[in-house]
Number of protein chains: 2
Amino acid sequence: MRAAAKSSAAKPRRRVSRAPAPKPYHHGDLRRVLIDAALQLVGEGGAETVSVREAARRAGVSPGAPFRHFPSRDALMQAVSEEAQRRFRAEIEAALAAAPGDPLGRFRCLGLAYLRWAMRNPTHFEIISSRRLFDHDKAAGISSDNAELIELSERTLAEALAAGQLRTVDLKQVQIAGRALVYGFARMNIDGHFPRWGVDAAEAEQAAEAILDLFIEGIAKRT
Amino acid sequence: MRAAAKSSAAKPRRRVSRAPAPKPYHHGDLRRVLIDAALQLVGEGGAETVSVREAARRAGVSPGAPFRHFPSRDALMQAVSEEAQRRFRAEIEAALAAAPGDPLGRFRCLGLAYLRWAMRNPTHFEIISSRRLFDHDKAAGISSDNAELIELSERTLAEALAAGQLRTVDLKQVQIAGRALVYGFARMNIDGHFPRWGVDAAEAEQAAEAILDLFIEGIAKRT
DNA sequence: TTGTGAATGTAAGCACCGATTACACGGATT
DNA sequence: AATCCGTGTAATCGGTGCTTACATTCACAA
């Protein structure tokens with residue numbers, strides 16, 4: 001690519017807050033900009049094509065600068081993952097709050113919001129999905145990630161059981177199976193198992209809804 | 001990519017039958033050895049930590065030699081993927097052939113064999129799972145991969161439907177849901193979503209069987 | 001206002017990586 | 001026996017993660 005070739009172009013050293021200097025030595029909010037750049041890079045070529053140098057390049061900063069904010073590439077990716085998880089959880093909770101109803105219906109809303117977000121934001125979902133790459137140290141620690149979401153789904157399922165809407169009592173199994181279903185569908189989508197749906201997102205979302213309904217009918221008490 | 005751990009892998013050479021030639025110029029079966037080395041590397045540090053150089057190092061060969069057999073790293077990984085897929089399909093078909101019974105029971109055997117193989121060979125399964133990395137060109141082409149397996153599961157499901165064992169008639173939905181379920185479970189396992197099961201494989205397999213049964217009961221005609 | 005230390009950037013460099021090119025070896029064909 | 005060509009080596013290039021040394025700026029205090 002191109003060398004930086006920063007034209008120094010000796011500028012007047014106005015430090016008055018009135019006019020913004022064209023090249024301030026300090027970036028201002030490099031950390032945030034790096035995370036955004038990395039997020040964009042994931043969207044362009046997958047998670048493993050993200051390079052710290054390219055992120056720095058897009059931030060208009062030297063290759064070593066990012067290491068002032070992240071001790072390693074993995075740390076940067078972890079920050080990206082946390083950002084993605086934050087958005088994910090926010091959207092799920094919003095969708096669940098906005099759609100009340102019977103417990104099983106709310107469980108369906110939960111799964112649907114999960115699937116929709118995963119299909120519409122494959123970039124973010126890909127980052128979230130693999131703990132082995134980004135959260136390997138945090139996995140046994142704080143667990144402030146989507147454990148909250150897991151608990152939310154468990155609570156909703158418990159309500160459904162209390163309301164007599166389920167045909168089985170093993171909530172843990174149902175919860176894991178539901179997670180595996182939506183996770184598997186979303187992963188298959190971004191892993192390219194549905195090449196035909198790459199061009200028709202609506203069809204993919206329809207299929208997602210259909211298999212979710214199939215699962216829910218499977219766990220619901222038969223009429 | 002990141003630096004890989006060093007490892008001395010001076011392999012004893014034996015190719016000449018007459019005298020102990022210390023260094024035969026030609027390796028003999030480098031292609032196979034490279035695939036095996038790459039497979040081993042995936043098992044040690046994940047798919048993206050595999051480097052052509054390290055594979056060459058373990059094969060006792062110069063860094064440029066692998067490129068005589070594979071035009072690129074991705075080509076090597078694709079060969080590894082094909083090898084893994086071959087073993088996968090062989091085991092599934094063997095398990096299915098050895099366990100006859102009613103169609104739905106055979107479908108269960110299919111899913112169980114899938115899950116078991118995925119849990120016991122996470123290395124291979126990880127390679128198989130992501131088409132975007134390894135099969136991007138082949139995806140629309142020959143499709144000699146596990147499309148055969150998909151068809152096999154569809155056929156088994158159709159038999160189950162014909163035998164009146166299913167409560168729904170939309171086979172495509174059932175098939176996709178089943179695939180998403182087992183794929184999601186296997187992926188969650190290797191992606192580290194079940195850290196507790198990292199030490200107890202038996203428990204993981206029990207859980208896998210349980211969610212599979214949950215799903216099958218969900219699609220079965222109620223007695 | 002003026003030091004002064006901590007933050008945060010740059011510059012240079014290391015080792016490793018994928019990939020290419022020129023060259024060396026040797027088994028197989030004729 | 002001479003030759004061809006598949007297969008290995010050696011050298012090299014640009015890119016990458018990461019470290020170290022140095023430069024600049026900001027924030028806070030005397």
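Chain naming here is simple, since letters A, B, ... match the order of the sequence lines and numbering starts at 1 in each.
- For the pair A:R73 and D:dG15, the criterion of a side-chain N or O lying under 4.0 Å from OP1 or OP2 is not met.
- For the pair A:D29 CG and C:dT8 P, the interatomic distance rounds to 10 Å; values are reported in whole Å.
- The pair A:R155-A:E148 does not count as a salt bridge, with every side-chain nitrogen at least 4.0 angstrom from each carboxylate oxygen.
- Put simply, CD on B:E48 is 13 Å from P on C:dG18, counting in whole angstrom units.
- In this structure, A:S51 reaches the D:dT16 phosphate: one of its side-chain N or O atoms is under 4.0 Å from OP1 or OP2.
- Rounded to whole angstrom, the span from the CG atom of A:L34 across to the P atom of C:dT8 amounts to 12 Å.
- Of the candidates D:dT9, D:dT16, D:dC18, the closest approach to any side-chain atom of B:S62 belongs to D:dT9.
- Relative orientation of the B:Y114 and B:F125 rings is perpendicular, given thresholds of 30° and 60° on the angle between their planes.
- In this structure, the NE2 atom of A:H69 is 14 Å from the C1' atom of C:dA6, given to the nearest Å.
- Between A:A65 and B:P63, the residue anchored closer to the 5' end of DNA chain C is A:A65, taking for each the nucleotide with the nearest heavy atom.
- Listed candidates were C:dT10, C:dG18, C:dC17. Nearest to the side chain of A:V61 is C:dT10.
- Per the geometry, CZ belonging to A:R57 stands 9 Å off P belonging to D:dG17, to the nearest Å.
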Could you walk me through whether A:R120 and A:E205 pass the salt bridge (Lys or Arg N to Asp or Glu O under 4.0 Å) check? CA-CA 9 Å; A:R120 293 178 185 177; A:E205 286 195 17; 2.7 Å; yes
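- The B:F67 side chain lies nearest to C:dG18 when the options are D:dT19, D:dT9, C:dG18.
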Apply salt bridge (Lys or Arg N to Asp or Glu O under 4.0 Å) to the pair A:E91 and A:R87, showing each step before the final yes or no. CA-CA 6 Å; A:E91 175 136 338; A:R87 299 187 193 179; over 6 Å; no
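- Within the 4.0 Å cut-off from OP1 or OP2 of C:dC17, not a single side-chain nitrogen or oxygen of A:R53 is found.
- Summarising the geometry, the separation between CG on B:L41 and C1' on C:dC17 is reported as 14 Å, rounded to the nearest angstrom.
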